[in-house]
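Worksheet for the structure shown next.
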2 protein chains.
Amino acid sequence: MSNNADEIALVQSLKRRELSVGPGELLIQEGQSEASLFTLLTGWAYRFKTLSDGRCQILNFLLPGDFIGVQQKMVAVAAHGVMSLTSARLCVFQRDALWELHRQSPTMGFNVTWLSAREESLVDEGLLSVGRRSAAGRISALLILLFKRAAGRQLDGGVDGVPFPLTQQHIADALGLSLVHTNKTMRKLERAGLYRIEHARLHILDAAKLMTLADIYDPINSRMSTSRPLV
Amino acid sequence: MSNNADEIALVQSLKRRELSVGPGELLIQEGQSEASLFTLLTGWAYRFKTLSDGRCQILNFLLPGDFIGVQQKMVAVAAHGVMSLTSARLCVFQRDALWELHRQSPTMGFNVTWLSAREESLVDEGLLSVGRRSAAGRISALLILLFKRAAGRQLDGGVDGVPFPLTQQHIADALGLSLVHTNKTMRKLERAGLYRIEHARLHILDAAKLMTLADIYDPINSRMSTSRPLV
DNA sequence: CGAAATGTTGACTATATTCAAGGCAAGTGG
DNA sequence: CCACTTGCCTTGAATATAGTCAACATTTCG
């Protein structure tokens, strides 16, 4: 199997059904065994973990096109939950889809590895934020990153903003901050004219300032260190 | 290609050379393009990101058997650096090894996806710690997790402790804490008799107490929520 | 229209950071 | 062999950042 049409046919053959869900629905429960593999056709969702007192950490946000449940298929028991953020449409794959994909098409198998690695780099970025950025920096980084991801899926590239279905509680849970502190910091940034959220759409008004606050590393324009890598 | 001997032969064929490094050497630089794919034969390493002021966030620790550089192969330009923690021996693969692995053996390709997903779940756990646990909880969680990972690679299962090459600076950088606060909190836990580090070996003295502090979720003994998952 | 969810703000408290100083152990060069 | 450096660990005091509590405003939705 080598050409593109065949790959689409392969994915179609592994598809079991479509599923529509409302906002705030639990797609995969923490600790669940035998979770399904999905892909998000429309709508947003997020992966999360909770502590025993109910506090929640959002691991990353899932946008249309993202896979859901690759890790669950891998470790038998889900280490994290997945919840829809908006109403959403999902493509549900058969249980052994991940294996069949690898078996029948090395290209598609490679793509899955690629997607998995890309998702990990999103979590990496989140960890950098939560570990080392101030509250204002974390919010700036999150807004920019989500804007970029969402804008990349639109034809207009985000000139009229992008959909933004997160509540401040979601933002707090993603950034490891309290709701109150999140609110105060966001208001400050908003009053400073750095961004605007209106009708559940995010507009970036001063990207440069936000990038500065977030201290986002631009690999093209700077080298941090003069030491040479090994290989 | 389907049996185990063939898979070993495949990996061998993709191996380009072996490499020995000392402690604290940079294996992959942030922003580096065309980084190699390695596997860690002996020794420990870590992945990290830095901010422009030099502060560093360790993303996760790499132990023998772990892959290094899967993500780098995927995104052209490395989003994080990798540094050795101890002296280490590496197996260096040829540039297109990841693709050849998928192409020649679906089983091995699937395994790579599995490893990648497992590494992501480590970062997830780190993010939960940094986002939602207190300093004592973070340290407890880190010690337990590293102990388990290291003990699993020893014949004695860790009854006489496990190697522990981290300095307090590494721990601070992994947990998003300052060095000073890390030290004070670790001393408190050590004085309370929860663990001991001696001759660069970690001994867990009171695993139950550490688990409680870390609020580690045990999926076998508890269900957090009564709501049923969707599928 | 009323209820529930979300957003906003101030006052107070807790946790963690920064600054500063010193100790200990290992390695180095005279 | 001994001063001397260097890296890592340790501690206290002052400060800053973020969390908690409490109250109220605003929006959304049935």
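Proteins come first, then strands; the chains are lettered A, B, ... in the order of their sequence lines, and each starts at number 1.
- Within residues 186-193 of chain B, no residue approaches DNA chain C, by heavy-atom distance under 4.0 Å.
- Rotation axes derived from the C1' atoms of the five outermost pairs at either end of the helix from C/dC1-D/dG30 to C/dG30-D/dC1 lie 40° apart, to the nearest 10°.
- The stretch residues 79-93 of chain B participates, sequence neighbours left out, in these side-chain hydrogen bond (donor to acceptor under 3.5 Å, both in side chains) pairs: B/E18-B/R89, B/R47-B/H80, B/Q72-B/H80.
- Here A/R133 pairs with A/E125 in a salt bridge; the nearest charged N to carboxylate O distance falls below 4.0 Å.
- Within residues 162-171 of chain B, the residues that place at least one heavy atom under 4.0 Å from DNA chain D are, in residue-number order, B/T167, B/Q168.
- A/E25 places a side-chain N or O within 3.5 Å of a backbone atom of A/G22 that can act as its donor or acceptor partner.
- Taking only side-chain nitrogens and oxygens, B/N183 comes nearer than 4.0 Å to OP1 or OP2 of D/dT10.
- Between the side chains of B/T50 and B/E30, a donor-acceptor pair is found at a separation under 3.5 Å.
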Start with the C-alpha distance between B/Y46 and B/H170, add both sets of side-chain angles, then the distance that settles ring-ring contact (aromatic ring centres under 6.0 Å, His included), and finish with yes or no. CA-CA 9 Å; B/Y46 61 90; B/H170 293 124; 5.4 Å; yes
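- Ion pairing between B/D66 and B/R149 holds under the 4.0 Å rule for side-chain N and carboxylate O.
- Rounded to an integer number of Å, the gap from B/I197 CD1 to D/dT10 C1' is 15 Å.
- Not one N or O on the side chain of A/Y195 forms a donor-acceptor pair closer than 3.5 Å with the backbone of A/L210.
- Residue pairs that meet the salt bridge (Lys or Arg N to Asp or Glu O under 4.0 Å) test with at least one member in residues 161-189 of chain A, sequence neighbours left out, are A/D173-B/R132, A/R187-A/E190.
- For the pair A/I58/A/L175, no side-chain contact is recorded, criterion being any heavy-atom separation below 4.5 Å from C-beta on.
- B/L37 is not listed as a side-chain neighbour of B/I68, based on a closest heavy-atom distance of 4.5 Å or more.
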B/S/- along nucleotides 13-30 of chain D (protein heavy atoms under 4.0 Å) is B----BSBB---------
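- Without hydrogens or angle criteria, B/N60 side chain to B/V123 main chain gives no donor-acceptor distance under 3.5 Å.
- At a threshold of 4.5 Å between non-hydrogen side-chain atoms, the residues B/L205 and B/L194 do not count as touching.
- Between A/S140 and A/L189, the closest side-chain pair of non-hydrogen atoms falls below 4.5 Å.
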